[in-house]
Amino acid sequence: MEDNYSQWYNDLVIKADLAENSAVRGCMIIKPYGYAIWEKIQAELDRMFKATGHVNAYFPLFIPKSFFTKEASHVEGFAKECAVVTHYRLKNDENGKGIIVDPDAKLEEELIIRPTSETIIWHSYKNWIQSYRDLPILINQWANVVRWEMRTRLFLRTAEFLWQEGHTAHATKEEAIEETEKMINVYAEFAENSMALPVIKGYKSANERFAGAIDTYAIEALMQDGKALQAGTSHFLGQNFAKAFDVQFTDKTGKLDYVWATSWGLSTRMIGALIMAHSDNKGLVLPPKLAPIQVVIVPIYKTSEQLEKLNETSEKIKKDLEKLGLSVKYDNRDNNTPGWKFADYELKGVPVRLAIGPRDLENKTIEVARRDTLSKETISIDKLVGHIPGLLDEIQKNIYNKAFNFRKENTHYVNTWTEFNEVLDNKGGFIMAHWDGTSETEEKIKVETKATIRCIPFETPDEAGKCVYSGKPSGRRVLFARSY
RNA sequence: CGGGGUGUAGCGCAGCCCGGUUAGCGCAUCUGGUUUGGGACCAGAGGGUCGCAGGUUCGAAUCCUGCCACCCCGACCA
């Protein structure tokens with residue numbers, strides 16, 4: 001494991017052409033290649049949301065301050081990290097000091113740049129919901145949000161980030177809880193199938209719960225440096241927001257009741273997760289399902305006659321692979337050597353690289369290289385197109401298995417406080433340990449070790465034990481880790 | 001907001017302690033040529049208000065004061 005992990009990671013991101021720090025504190029520029037990864041993530045999630053009955057909509061970036069004050073715990077949770085718009089105009093300074101904010105253009109009510117959209121959305125829902133016939137509302141929005149964090153980290157915690165946020169309204173508590181569970185399952189399925197990232201689904205403890213939620217479900221993933229990353233959350237909001245925004249409906253029996261709510265979100269942090277879960281010393285390793293370029297073809301030649309012949313063969317291979325729905329790049333730029341291109345596409349994480357030269361043309365062969373194992377084989381061109389789809393599947397599986405085994409090896413079942421500290425200091429990773437269920441104990445553990453309860457896993461067997469900290473009885477183990 | 005560190009070419013850095021020619025190196029860029037099966041080589045060229053503002057001095061990237069920005073470690077968090 002790398003000691004200078006964060007340094008290595010920052011270098012990688014910059015070298016990999018993914019992002020660089022902008023002049024604005026804690027914001028990121030997502031360069032085209034990084035954005036292409038986000039577009040793949042978006043496309044897959046959007047498909048899954050629609051398959052589960054959701055539709056997309058868009059709400060304003062600006063939220064009047066008064067909206068925020070309506071839900072008490074929500075304000076408390078977000079107040080400390082809001083960017084606020086106070087004026088709407090600039091003017092030339094009379095003393096010639098350039099452009100200044102026009103003091104006459106002060107807004108009567110300040111506008112908050114959304115850190116999340118519950119408040120403005122529930123303000124709208126009030127007008128959309130009168131009867132049980134208006135329910136459920138199942139809306140998702142793709143948006144940017146701003147959270148003025150004290151400390152930022154590229155991809156993992158930037159001041160502005162892109163995400164999707166789902167906001168649903170339901171007639172019954174049961175239906176809302178079912179929705180909350182459904183969406184955490186969608187996230188888990190996405191993480192495991194598309195991102196090749198094994199995750200643990202579970203409940204958040206009261207301390208870690210979303211501001212304004214009754215219950216928060218989360219998926220937690222383990223990064224290669226032994227730290228946990230919260231990869232997606234789904235919240236059961238109860239009737240908190242409905243009450244705060246006075247959203248009532250008439251049910252089938254004619255009785256008036258408050259609406260039940262959920263919200264769920266997943267952000268560009270996932271790009272960071274992808275990088276930190278799968279990368280090696282040569283750069284990114286992208287799972288084929290999310291790779292903007294799945295196959296790259298690099299020609300090797302000396303003369304322009306050779307290149308012409310290679311162009312012909314390569315373009316045909318490219319077309320044949322594209323017919324299978326694959327994304328293929330043929331890189332015959334002559335300003336870089338093949339060796340340079342090999343290294344560059346490895347840095348970018350392209351799953352499969354094909355190299356073809358005069359020698360191959362003679363033998364009717366082609367070199368196939370895998371990014372995940374860095375292995376190479378030479379196969380007959382005739383068999384190539386039939387070979388690639390299966391190879392991509394295999395790579396996808398292999399990346400998942402590698403991450404799964406890593407997590408398995410780094411999940412420690414500990415029973416004593418000494419052991420707990422030893423594991424944290426020497427190995428890191430996930431710790432499954434008993435906990436007495438109190439916020440007090442959780443807080444003490446956090447202060448002493450920086451480890452928090454990542455989640456109370458859904459699928460953990462009942463097991464009598466004693467709290468690793470207080471020694472009080474516990475009915476099951478929970479997941480501890482140091483996290484991002 | 002507390003503790004530490006860094007600001008010198010597009011990027012990465014040396015020079016600063018101990019002030020003194022025209023501020024240097026690697027990568028990248030441009031031109032010409034030779035190259036191309038794992039990050040090519042040779043020759044030449046362009047590119048700098050040394051973070052900003054004061055001060056000390058005959059003379060400041062270098063010393064002093066103030067400010068600003070960024071990074072790392074905490075508190076906060078997706």
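Below, chains carry the letters A, B, ... as their sequence lines are ordered, and counting in each starts from 1. Heavy atoms only: backbone and side chains are in, while hydrogens, waters and symmetry mates are out.
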Nearest-angstrom distance, P atom, B:C50 to B:C11: 16 Å
Between P of B:U36 and CG of A:Asn332, the distance in whole Å: 18 Å
Residues in contact with RNA chain B, drawn from residues 298-306 of chain A - heavy-atom cutoff 4.0 Å: A:Ile300, A:Tyr301, A:Lys302
Touch class at under 4.0 angstrom, heavy-atom based, for A:Thr233 against every strand present: nothing
Test: A:Arg370 and A:Glu377 ion pair at under 4.0 Å: no
Electrostatic pair A:Arg47:A:Glu44 at N-O distance under 4.0 angstrom: yes
Nearest-Å distance once atom P is located in both B:U8 and B:G12: 8 Å
Side chain of A:Arg353 (C-beta onward), nearest among B:G37, B:C77, B:G38: B:G38
Worked check of side chain to side chain contact (heavy atoms under 4.5 Å, CB included) between A:Arg371 and A:Lys282: CA-CA 9 Å; A:Arg371 177 62 184 89; A:Lys282 287 185 182 288; 3.6 Å; yes
Spacing of A:Asn336 atom CG relative to B:G38 atom P, expressed in whole Å: 15 Å
Whole-Å P distance, B:G26 and B:U62: 25 Å
Aromatic ring proximity A:Phe241/A:His74, centre distance under 6.0 Å: yes
Sugar-phosphate only, base, or nothing, as touched by A:Asp334 at under 4.0 Å among non-hydrogen atoms: nothing
Full working for side-chain hydrogen bond (donor to acceptor under 3.5 Å, both in side chains) between A:Trp142 and A:Asp46: CA-CA 9 Å; A:Trp142 290 97; A:Asp46 210 60; 2.8 Å; yes
Distance, rounded to the nearest Å, where A:Ile356 contributes CD1 and B:U36 contributes P: 18 Å
Pairing annotation in dot-bracket form, given for RNA chain B with Watson-Crick or G-U pairs under 3.5 Å and | for cross-strand partners: ((((((((.[[[[.)....(...]]]].((((((.....)))))).....[[[[[..)....]]]]])))))))....
Separation of B:C77 C1' from A:Glu220 CD (nearest whole Å): 13 Å
Pair A:Lys201 + A:Glu192: basic N to acidic O under 4.0 Å: no
Span that lies between the C1' atom of B:U21 and that of B:A60, in whole angstrom: 15 Å
Euclidean distance for P, B:A14 against B:G32 (whole angstrom): 36 Å
Minimum heavy-atom distance A:Ile356-A:Ile297, with the two atoms named: CG2-CG2, 4.3 Å
Steps toward side chain to side chain contact (heavy atoms under 4.5 Å, CB included) verdict (A:Ile293, A:Lys348): CA-CA 9 Å; A:Ile293 303 166; A:Lys348 288 187 159 72; 5.6 Å; no
A:Tyr469 and A:Trp417 aromatic centres sub-6.0 Å: yes
Sugar-phosphate, base or nothing in reach of A:Phe210, heavy atoms under 4.0 Å: nothing
Polar contact flag, side-chain donor to acceptor under 3.5 angstrom, A:Arg114-A:Thr116: no
A:Asn335 CG to B:U31 P, straight-line distance once rounded to whole Å: 12 Å
Lys/Arg N to Asp/Glu carboxylate O, A:Glu208 vs A:Arg454, below 4.0 Å: yes
Pair A:Arg482 + A:Asp225, salt bridge at N-O below 4.0 Å: no
Distance in angstrom units between A:Tyr484 OH and B:C72 C1', rounded: 13 Å
Same-atom distance (P) from B:A43 to B:C27, integer angstrom: 12 Å
Span that lies between the P atom of B:C68 and that of B:A53, in whole angstrom: 15 Å
Length of the CZ-P vector between A:Arg157 and B:C73, whole Å: 10 Å
Proximal nucleotide (of B:G38, B:G37, B:A75) relative to the A:Lys376 side chain: B:G38
Residue A:Arg359, side-chain heavy atoms: nucleotide from B:G37, B:A75, B:G38 that is nearest: B:G37
Along RNA chain B (nearest heavy atom to each residue), the more 5'-positioned of A:Asp360 and A:Arg147: A:Asp360
Distance, nearest 0.5 Å, that separates CE of A:Met270 from CG of A:Leu266: 4.5 Å
Length of the CG-P vector between A:Leu156 and B:C71, whole Å: 14 Å
Rounded C1' spacing from B:G33 to B:G15 in Å: 35 Å
Under 3.5 Å, N/O pairs linking protein and nucleotides 39-41 of chain B:
| residue | atom | partner | partner atom | Å |
| --- | --- | --- | --- | --- |
| B:G39 | O4' | A:Gly339 | O | 3.4 |
| B:G39 | N2 | A:Trp340 | O | 3.4 |
| B:G39 | N2 | A:Trp340 | NE1 | 3.2 |
| B:A40 | OP2 | A:Thr337 | OG1 | 2.7 |

